[in-house]
Amino acid sequence: MATTRILEALGRLYIGLLLAFLYLPIIIMALMSFNVSPFYQLPFEWTTEWYASLWQNDQLIAATWNSLEIAVITTLTSVVLGSAASLALYRYEFRGKKVLQALLFPPIAIPWLITGTAMLIFFFGVGIGRGLFAILLGHVALALPYVIVVVSARLQTFAPELEEAARSLGANQWQVTVRVTLPWIMPGVIAGGLFAFAVSFDQFVVSYFLSTPGQTTLPVEIYAAIRKGFTPEINAVSTIIIVVSMALMLLTARFFKFGGEK
Amino acid sequence: MAVRGAVASRSGLRSALPLLAPAYLWLTVAIFLPLSAMVFFSFMTDLPLSGKPWAFTLGNYAAFFSQGLYLTLLLASLRLGLEVTLWCVVIGYPAAYVLAKVLRGRSREAIFLLVILPFWSNGLVRIFSWAMVLREGGILDTALNAVLPFRINIDLMYSYPAVIIGLVHSYVPYMVLTCYLTLQAIDDSLIEAGRSLGASRLQVLKRVIIPLSMPGLVAGAALIFVPVVGSFMEPRILGGRTGTFYGTVIEDQFVAVFNWPLGAALSFILLAVVLVILAVASPVLRRAA
């Protein structure tokens with residue numbers, strides 16, 4: 001039918017417009033980070049000056065290292081704790097299990113503004129205070145539910161008979177886990193880890209409330225710089241961040257189908 | 001969440017506990033205890049730190065209800081949440097439909113990934129990128145004036161529309177994702193049956209497609225509305241002085257004014273509003289899951 005073909009063409013065009021809306025600002029920001037004019041004036045003249053001056057900015061570099069360190073520790077911690085919890089939720093039946101599963105959603109659903117300010121109050125009250133350790137505590141808690149949800153989703157595809165078979169062949173609990181279960185759920189574990197890294201590395205709100213001037217992360221440093229006034233240097237570092245975080249999620253998509261694609 | 005307790009109650013809680021305890025202890029220390037502490041502190045006159053005197057009070061909540069400012073700002077934030085959610089439905093739903101029912105195969109997979117990719121990238125940086133587009137002498141201004149025969153001044157930066165644009169840009173992938181999931185599950189034969197029985201395209205959309213994809217719409221709406229009501233960074237960067245909302249006032253209590261108990265009370269009121277919204281949406285959400 002002709003109408004159908006016209007409607008389908010319009011649909012494709014529409015998706016194209018949506019993608020333009022989603023990506024144009026990012027592309028423009030990236031282009032401007034290579035533009036000579038510090039006030040983003042056209043015509044465009046190529047330079048890498050802003051990237052070069054990034055290396056002179058000790059504050060940004062220190063914040064970048066903090067962000068990376070926290071993201072790596074968050075990833076490792078939440079993957080280990082989260083996978084263990086997912087295994088327990090998969091293997092065993094007990095009272096209150098549904099409550100435990102339901103408890104994973106408040107950390108995801110409650111706005112980070114509320115979680116962040118609550119952490120600030122509590123950490124101050126118990127003497128942990130602010131700083132990198134507090135940020136790490138917070139990031140792991142934010143990442144854990146994502147890891148558990150992703151690993152649990154992978155476990156749903158695991159046949160429990162495999163564990164039974166290994167056990168009947170004489171494997172102990174540890175051997176069953178390491179040799180049979182873990183290899184099967186590995187894509188889920190890797191995807192969960194990448195999610196955890198992204199949650200931590202891109203986290204702004206919670207880090208913002210838990211930072212102190214010397215102990216801060218890259219997004220918090222960028223926010224402070226934006227509020228002081230835009231600079232092409234911030235453009236440059238923002239471009240690097242967005243490229244890294246998108247590359248990370250493309251990698252994640254190799255291990256985890258976001259949308260239940262068949 | 002589907003619960004498929006695979007190996008039925010082999011040994012229950014005692015075996016599960018060592019595996020569960022670390023994760024849930026961590027969540028308790030860093031999420032659940034802080035949220036409880038926030039409720040507790042919201043009833044105090046001052047933080048009980050360094051020996052400062054403090055007492056229990058309802059004053060922080062009284063401040064919310066007696067000073068019209070906070071209520072006005074909460075309403076402004078709820079309105080912002082509503083507007084952003086509506087725009088996300090208007091923009092996201094058709095896109096989800098095209099993805100689920102028009103595109104096929106590898107191109108569908110690739111475009112779907114492209115749509116949701118920004119959502120998982122850095123939100124702060126994406127908001128910041130709009131500053132370059134919207135400001136006077138920015139890209140939008142330059143581009144429009146190059147095309148149009150007359151001179152117009154586009155300076156959307158630091159305005160309410162700028163905040164809306166930034167937030168819709170941030171959250172529309174969520175709506176596409178949730179609607180796509182429910183739309184994809186609709187059997188094409190249902191649509192064909194409706195058409196062959198004489199229903200027009202519009203009737204099929206109204207009677208079959210929209211009702212069946214309602215859970216996705218509601219899920220998307222809840223997942224967008226809640227964080228937008230609590231947003232503060234987006235209005236700060238794109239709204240400037242016009243960007244004062246409930247979230248920015250909470251931020252101020254903690255980083256500028258240092259009235260933490262009032263901040264805690266304001267946060268808790270927001271949490272209560274959020275929980276009511278999630279509770280209202282949850283029957284539909286559960287049906288979707």
Side-chain angles (χ1 to χ4, degrees), chain A residues 8 11 14-15 18-19 21-22 25-26 28-29 32 40 42 81-82 84-85 87-88 90-94 98 100-101 107 109-111 113-115 117-122 125 137-138 140-141 144 156 160 198 202 204 209 219 222-223 226 230 238 241-242 245-246 249 253 258-261, chain B residues 1 4-9 12-13 15-16 19-20 22-23 26-27 30-31 33-35 37-38 41 94-95 98 102 109 111-114 116-118 120-122 124-125 128-133 139 142 177 180-181 226-227 230 232-233 237 247 250 254 260 263-264 267 270-271 274 278:
Chain A
E8 286 190 5
Y14 181 73
I15 291 276
L18 179 73
L19 287 178
F21 171 66
L22 288 175
I26 300 169
I28 287 166
M29 179 182 72
M32 286 299 152
Y40 318 125
L42 297 175
L81 302 191
L87 268 180
Y90 172 77
R91 273 190 191 149
Y92 307 110
E93 286 300 327
F94 50 88
K98 285 198 171 150
L100 284 188
Q101 284 170 324
I110 293 173
L113 170 68
I114 298 176
T115 325
T117 53
M119 285 177 186
L120 171 60
I121 291 174
F122 180 70
L137 271 179
V140 172
L144 265 175
Q156 294 298 318
D202 294 330
F204 161 67
F209 288 109
I222 290 176
Y223 181 68
I226 292 173
F230 308 147
S238 297
I241 287 190
I242 207 104
S245 67
M246 283 195 175
M249 286 334 277
F258 291 90
E261 285 276 346
Chain B
M1 190 172 197
R4 208 191 84 188
V7 186
S9 59
L13 188 58
S15 331
L19 291 171
L20 281 173
W26 201 300
L27 286 175
I31 304 252
L33 282 177
L35 287 175
M38 191 182 72
F41 276 116
V98 175
V102 177
E109 228 168 283
I111 289 175
F112 178 73
L113 189 59
L114 272 179
I116 59 163
L117 187 61
W120 281 103
S121 70
N122 195 294
L124 172 73
V125 167
F128 173 56
S129 72
W130 276 102
M132 244 133 289
V133 179
I139 297 299
T142 316
L177 175 65
Y180 170 77
L181 291 181
V226 167
F232 70 94
M233 165 271 279
I237 295 177
I250 295 179
F254 287 96
W260 287 15
S267 272
L270 179 61
L271 180 61
V274 164
L278 289 178

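Computed over heavy atoms, backbone and side chain alike; hydrogens, waters and symmetry mates excluded. These numbers come from a predicted model, not from an experiment. Within every chain, numbering begins at 1; the chains are lettered A, B, ... in the order of the sequence lines, protein sequences first and strands thereafter.
In this structure, the ring of F122(A) has its center no less than 6.0 angstrom from the ring center of W260(B).
Atom CE in M249(A) sits 8.0 Å away from atom CG in L117(B) (nearest 0.5 Å). In this structure, I26(A) CD1 and W130(B) CH2 are separated by 9.5 Å, a value rounded to the nearest 0.5 Å. The structure places CD1 of I250(B) at 5.0 Å from CG of L113(A), a figure rounded to the nearest 0.5 Å.
Considering only heavy-atom pairs separated by less than 4.5 Å from chain B, the leading option among S245(A), A84(A), P107(A), G138(A) is A84(A). Contacts with chain A were tallied for A37(B), P118(B), P34(B); P34(B) has the most, counting heavy-atom pairs under 4.5 Å. Of all the listed residues (I110(A), I222(A), I241(A), L100(A)), the one sharing the greatest number of non-hydrogen pairs under 4.5 Å with chain B is L100(A). In terms of non-hydrogen atom pairs under 4.5 Å with chain B, the most contact-rich of I242(A), L87(A), I114(A), T115(A) is I114(A). Contact count versus chain A (heavy atoms, under 4.5 Å) is highest, among L114(B), I111(B), L270(B), for L114(B).
If you measure heavy-atom distances from L19(A) to chain B, the contacts under 4.5 Å come from the side chain alone. Proximity to chain A (any heavy atom under 4.5 Å) is restricted, for V274(B), to the side chain, taken from C-beta onward. With a 4.5 angstrom heavy-atom cutoff, L144(A) touches chain B only via side-chain atoms. Contact of L22(A) with chain B is made through backbone and side chain together, with heavy-atom distances under 4.5 Å. Both the backbone and the side chain of V102(B) come within contact range of chain A, with heavy atoms under 4.5 Å apart.
Between Y14(A) and A95(B) the shortest heavy-atom distance is CE2-N, 3.6 Å. Heavy atoms only, all atoms of each residue included: I31(B) and M119(A) are closest at CD1-CE, 4.2 Å. Contact detail for T117(A) and S267(B): the closest heavy-atom pair is OG1-OG, 3.2 Å. Heavy atoms only, all atoms of each residue included: P111(A) and G230(B) are closest at CB-CA, 4.5 Å. Summarising the geometry of I121(A) relative to A264(B), their closest heavy-atom pair is CD1-CB, 3.7 Å, with the distance given to 0.1 Å. The two residues L278(B) and A109(A) make their nearest non-hydrogen contact at CD1-CB, 3.8 Å.
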Test side chain to side chain contact (heavy atoms under 4.5 Å, CB included) on W26(B) and L137(A); report intermediate values, then the result. CA-CA 8 Å; W26(B) 201 300; L137(A) 271 179; 3.8 Å; yes

Side chain to side chain contact (heavy atoms under 4.5 Å, CB included) between L19(B) and Y92(A), intermediate numbers included: CA-CA 11 Å; L19(B) 291 171; Y92(A) 307 110; 4.3 Å; yes

Side chain to side chain contact (heavy atoms under 4.5 Å, CB included) between N122(B) and F204(A): does it pass, once the steps are laid out? CA-CA 9 Å; N122(B) 195 294; F204(A) 161 67; 6.0 Å; no

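In terms of the ring pair (Phe, Tyr, Trp, His ring centres under 6.0 Å) criterion, residue partners of F232(B) (sequence neighbours excluded) are, by chain and number, Y208(A), F209(A).
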